[in-house]
Amino acid sequence: MLLITFHGGKPSKDIPDPVHNIYAYKDSGGDPVETNVLQGAGSDLKDAELRGLAWACGHLYAANGSKHANTILRFKGSGTKFDFTNVFASREGSSSQSGIDSIFHPYALVFSNAQYCYVASQDTDVVSRLVVSDSTGKTGSAAPIPSGLPSGGTFFSGTFVACSQKQLPGLTATTPVATPQGLAVDIENGKVQHSVRDVLLAGALLYVCDEAAGVVKVYDVNGNCNQVSNNVPSPAHLLLNNNQLYVSGGDTVMSATLSSSPIKFAPVAGVDGKDASGMAFNAKGDKFFVADRKKNEVHSYDVSSTGTFSNKKKIIDNMPDNPEFIYYLAG
């Protein structure tokens with residue numbers, strides 16, 4: 001089974017019926033099995049722009065990047081039905097939860113066991129670090145600023161990886177952190193266009209897509225950038241499988257051996273990565289799935305025991321919206 005998030009948002013000429021939920025498809029292709037995987041969230045999914053998903057602590061977490069939401073939602077369930085439990089963290093906050101001002105247009109999230117959650121937000125161009133649950137039971141509170149950032153600096157709450165620019169459109173000024181430690185950003189017509197994208201944890205290291213810089217950066221537990229990859233065109237999505245790190249974005253899918261230092265990506269032979277977005281492997285690792293964000297399709301590839309990719313097939317087409325993230329669900 002494949003769980004897929006979509007661009008969402010409000011209707012447009014190109015996408016008249018945007019999707020505000022998660023669809024579940026059989027990985028053999030065809031019509032969706034379930035078009036409302038998330039249940040009970042009500043207004044929290046209104047005009048939702050769902051992006052990254054994560055499984056942690058017995059829950060499913062989803063990032064909602066809608067400009068009116070800026071939330072991380074938490075659900076409980078299994079298979080193709082997950083019931084809403086609470087807002088794990090949000091920019092605005094509530095009567096029982098402090099707002100996290102670093103969460104603005106969240107794109108991706110990843111958990112470090114039950115201790116921390118890392119959230120990449122496009123419009124602040126930072127990676128936030130949140131405490132999963134503190135001593136009072138409060139969820140999603142901001143973790144302390146790490147030692148890798150300048151002492152005495154001004155940062156958005158919970159910042160773990162900071163932006164290289166002092167002030168972004170519509171935001172208060174923060175302490176800029178020069179690249180490569182800080183994240184690059186491109187601004188066009190007064191709006192953030194290219195900034196941080198996906199995040200992934202492998203061991204104690206955090207891998208971060210710096211889309212504007214065209215690289216993947218690696219940070220240690222103290223927020224120090226200790227590796228920068230070779231050039232990757234518009235890196236947006238990360239995936240780890242059998243010690244190989246995969247990155248997609250623009251018109252390519254690339255991979256690198258995780259243990260290599262510095263990390264060096266090369267195009268994956270046999271994979272047509274045009275307009276590539278979300279990626280996934282099946283449980284056996286003998287099937288690779290990648291979404292085409294512009295054609296609204298998902299393709300599969302056979303993967304040999306030696307890691308060779310072949311036999312491209314279009315398994316899902318005519319999707320109602322642009323596919324963003326893909327997750328394989330066994331069973």
Side-chain angles (χ1 to χ4, degrees), residues 2 4-9 12-15 19 25 29 49 51-52 65 105 107-108 120 122 125 183-188 191-200 207-217 228-241 244-258 260 262-281 287-303 307-328:
L2 297 175
I4 299 178
T5 63
F6 297 86
H7 185 266
S12 66
K13 179 180 178 181
D14 294 330
I15 307 295
V19 176
Y25 291 85
E49 296 180 13
R51 295 296 182 264
H105 202 174
Y107 184 82
Q122 294 175 240
D125 192 36
L183 296 165
V185 61
D186 290 333
I187 299 172
E188 297 177 13
K191 182 179 179 181
V192 173
Q193 292 293 331
H194 304 286
S195 56
V196 67
R197 291 298 187 263
D198 207 358
V199 287
L200 180 147
Y207 293 76
V208 179
C209 284
D210 189 332
E211 184 191 39
V215 295
V216 175
K217 296 178 176 179
V228 178
S229 76
N230 59 325
N231 180 255
V232 178
S234 302
H237 293 262
L238 293 170
L239 177 66
L240 181 62
N241 187 67
Q244 286 292 116
L245 181 64
Y246 294 83
V247 59
S248 67
D251 289 336
T252 186
V253 174
M254 307 178 80
S255 72
T257 302
L258 194 67
S260 63
I263 191 165
K264 188 173 182 179
F265 288 97
V268 177
V271 174
D272 173 13
K274 186 171 177 60
D275 300 319
S277 54
M279 304 172 289
F281 282 90
K287 291 286 186 183
F288 174 72
F289 308 95
V290 60
D292 185 318
R293 193 175 182 274
K294 289 187 177 179
K295 290 184 178 179
N296 296 351
E297 299 172 348
V298 174
H299 302 104
S300 73
Y301 293 83
D302 293 337
V303 184
T308 301
F309 291 70
S310 63
N311 194 27
K312 176 184 177 181
K313 291 183 179 179
K314 181 166 60 178
I315 61 168
I316 305 172
D317 62 3
N318 297 319
M319 295 171 124
D321 197 348
N322 303 141
E324 293 282 353
F325 284 75
I326 299 180
Y327 291 87
Y328 179 81

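Numbers for residues simply follow the sequence, beginning at 1. Keep in mind that this is a model prediction, so the values were computed, not measured.
Taking CE from M319 and CD1 from I15, the interatomic distance works out to 11.5 Å, rounded to the nearest 0.5 Å. Atoms CG and CZ, on L2 and F325 in that order, are 15.0 Å from each other to the nearest 0.5 Å. Between atom CG of residue D275 and atom CD of residue E297 there is a gap of 10.0 Å, rounded to the nearest 0.5 Å.
D210 places a side-chain N or O within donor-acceptor distance of the main-chain N or O of A184, the cut-off being under 3.5 Å. Of the possible donor and acceptor atoms, one in the side chain of T5 sits under 3.5 Å from a partner among the backbone N and O of R51. Using a distance-only test at 3.5 Å, with no hydrogens or angles considered, a donor-acceptor pair links the side chain of D125 to the main chain of V196. At distances below 3.5 Å, at least one donor-acceptor pair connects side-chain atoms of D321 with backbone N or O atoms of G8. A donor-acceptor pair under 3.5 Å is absent between the side-chain atoms of D292 and the main chain of V298, judged by distance alone. Judged by distance alone, with hydrogens and angles left aside, the side-chain atoms of S248 form a donor-acceptor pair with the main-chain N or O of S277 at under 3.5 Å. N322 contributes a side-chain N or O that, together with a main-chain N or O of R293, makes up a donor-acceptor pair within less than 3.5 Å.
Under the 3.5 Å distance criterion, with hydrogens and angles disregarded, a donor-acceptor pair is assigned to the side chains of T257 and Q244.
Looking at every heavy atom in both residues, Y328 comes nearest to A280 through N-CB, 4.0 Å. The shortest non-hydrogen separation linking V199 to A120 is CG1-CB, 3.9 Å. The shortest non-hydrogen separation linking I326 to G278 is CD1-O, 3.6 Å. For the pair V290 and M279, the tightest heavy-atom approach, listed with the atom from each and the gap, is CG2-CG, 4.0 Å. Across V216 and L238, no two heavy atoms sit closer than the pair CG2-CD2, 4.2 Å. Taking all atoms of both residues into account, the shortest heavy-atom contact from E211 to Q193 is OE1-O, 4.0 Å.
You'll find the side chain of M254 stays beyond 4.5 Å of the side chain of P235, heavy atoms only. For the pair K274 and K295, the minimum side-chain heavy-atom distance is 4.5 Å or more. You'll find the side chain of L245 reaches within 4.5 Å of the side chain of F265, heavy atoms only. The shortest distance between side-chain heavy atoms of Y207 and L258 falls below 4.5 Å. Between I315 and H299, every side-chain heavy-atom pair lies at or beyond the 4.5 Å cut-off. Between V19 and I4, the closest side-chain pair of non-hydrogen atoms is not below 4.5 Å. Inter-residue side-chain proximity for D272 and F309 is flagged as unmet; no heavy-atom pair is nearer than 4.5 Å. Side-chain atoms of F288 and L239, non-hydrogen and from C-beta on, do get closer than 4.5 Å to each other.
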Take E324 and H7 through the test side-chain contact (heavy atoms from CB on, under 4.5 Å) and record every step on the way to the result. CA-CA 6 Å; E324 293 282 353; H7 185 266; 3.6 Å; yes

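Under a cutoff of 6.0 Å and an axis angle of 45°, R197 and Y107 form a cation-pi pair.
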